[in-house]
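Here is the structure we will look at.
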Amino acid sequence: MEKQRGPIAVFDSGFGGLTILKDIVKAMPQYDYIYLGDNARTPYGTRSFETVYDFTLQAVKQMFKMGSPLVILACNTASAKALRSIQVRDLPTIDATRRVLGVIRPTVEAIGNLTKTGKVGVLGTTGTIQSQTYPLEVKKLFPDVEVFGQECPMFVPLVENSEYNSPGADYFVKKYIDALMAQSPDIDTVILGCTHYPVLEDKIRVALPEGVNLILQGELVAESLKDYLARHPEMEERCTKGGERVYLTTDSVEKFENTAKIFMSDKVAANKIMIE
Ligand code: DGL
């Protein structure tokens with residue numbers, strides 16, 4: 001049976017994954033891409049394991065149906081709560097030749113070389129932090145590095161509702177950064193462990209103590225994907241090239257197109273899609 005060829009798919013619960021897509025496209029503009037934002041059901045960060053898994057699996061199946069051989073979960077919450085089950089349990093029965101990759105592993109691989117104190121902070125959704133995925137993954141690669149997690153449940157609503165420049169955003173950024181640094185004053189590296197948070201980058205930099213490194217995931221994920229495709233020529237050949245980009249949302253097209261401008265410099269045209 002001939003293996004299906006198609007675009008690389010990038011999925012997020014909403015707009016956040018556009019911060020990852022932007023860097024992936026910058027590094028590899030030659031491929032075709034589909035972006036799917038499940039805006040109608042965002043946020044995922046406060047939902048149970050089962051719900052995040054169900055929604056993510058539905059999205060993956062939809063992107064497979066559209067021909068994609070390779071799906072990137074550009075969402076830490078979905079990567080933390082659904083990726084492993086999909087890889088181990090679902091892929092072998094759906095189509096063992098396709099791949100689903102996440103954003104946590106490429107981020108973790110980079111951090112061991114960045115911290116000098118061995119104390120790393122992670123800002124993430126309630127789901128990502130409570131899953132303990134970051135400390136567990138870091139332990140496997142860098143046993144001496146200690147991870148301090150801070151839930152930031154107000155960040156995604158601020159971003160999804162275009163309130164990221166408001167005084168309310170200043171208030172919550174300071175509150176969460178203070179709470180993180182109170183866990184250990186020796187934290188010297190902080191990971192933005194949610195793809196929505198780069199929109200708050202400037203405010204987060206102001207709130208962090210001087211000298212603390214702030215790590216954004218986009219370039220790390222893009223580099224890791226490039227490396228993956230170089231090491232897997234059979235997958236690389238299945239990713240179609242033509243520079244086409246398709247944007248899909250499960251909610252209002254108008255809202256998607258207006259808000260996407262914040263994340264992408266190009267104007268995007270979106271289509272609505274139902275997933276179930
Ligand atoms: N952007 C997603 C992440 O990286 C989560 C946002 C949400 O809560 O839906 O975790």
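Counting starts at 1 for both ligands and their atoms, in listed order. Note that these values count all heavy atoms, side chains included, but never hydrogens, waters or copies made by symmetry. Only a predicted model underlies this, so the values are computations on that prediction, with no experimental measurement involved.
Here Arg238 does not pair with Glu234 in a salt bridge; the nearest charged N to carboxylate O distance is not below 4.0 Å. Taking a cutoff of 4.0 Å between a charged side-chain nitrogen and a carboxylate oxygen, Lys241 and Glu236 qualify as a salt bridge.
The closest approach between any non-hydrogen atom of Gly14 and ligand 1 is not below 4.0 Å.
A donor-acceptor pair is defined here as one N or O able to donate and one able to accept, closer than 3.5 Å; no such pair exists between the side chain of Gln217 and the backbone of Ile20.
Contacts with ligand 1 closer than 4.0 Å are made by heavy atoms of both the backbone and the side chain of Asn76. Only the side chain of Thr42 comes within 4.0 Å of ligand 1, counting heavy atoms alone; its backbone N, CA, C and O stay farther away. At a heavy-atom cutoff of 4.0 Å, ligand 1 is contacted by the side chain of Ser13 but not by its backbone. If you look at Thr195 next to ligand 1, the close heavy atoms, those under 4.0 Å, come from the backbone and the side chain alike. Residue contacts with ligand 1 for Asp12 involve side-chain atoms from C-beta outward but no N, CA, C or O (heavy atoms, distance under 4.0 Å).
Considering only non-hydrogen protein atoms, atom 1 (N) of ligand 1 sits nearest to His196 ND1, 2.7 Å. What sits closest to atom 10 (O) of ligand 1 on the protein, heavy atoms only, is Thr77 OG1, 2.7 Å. Remark: minimum distance from atom 2 (C) of ligand 1 to any protein heavy atom is reached at Cys75 SG, 3.3 Å.
For ligand 1, the atoms sitting less than 4.0 Å from at least one non-hydrogen atom of Thr125 are 5 (C), 8 (O), 10 (O), numbered in the order shown with element in parentheses. Numbered from 1 in the order shown, with element, the atoms of ligand 1 that lie under 4.0 Å from a heavy atom of Gly45 read 7 (C), 8 (O), 9 (O). Close approach to Tyr44 involves these atoms of ligand 1, each under 4.0 Å from a residue heavy atom: 7 (C), 8 (O), 9 (O).
For Arg89 and Tyr53, the positive end sits near the middle of the six-membered ring, less than 6.0 Å away and at most 45° from its axis. Within the cation-pi definition used here (under 6.0 Å to the ring centroid, within 45° of the axis), Arg47 does not qualify as a partner of Phe55.
Residues Ile204 and Val199 share a single hydrophobic cluster, defined by chaining ILVMFWY side chains whose heavy atoms lie under 4.5 Å apart.
Annotation: Tyr164 is not in aromatic contact with Phe155 [ring centroid separation under 6.0 Å not met].
The aromatic rings of Tyr31 and Tyr33 stand perpendicular to each other, their planes meeting at an angle above 60°, with 30° marking the opposite boundary.
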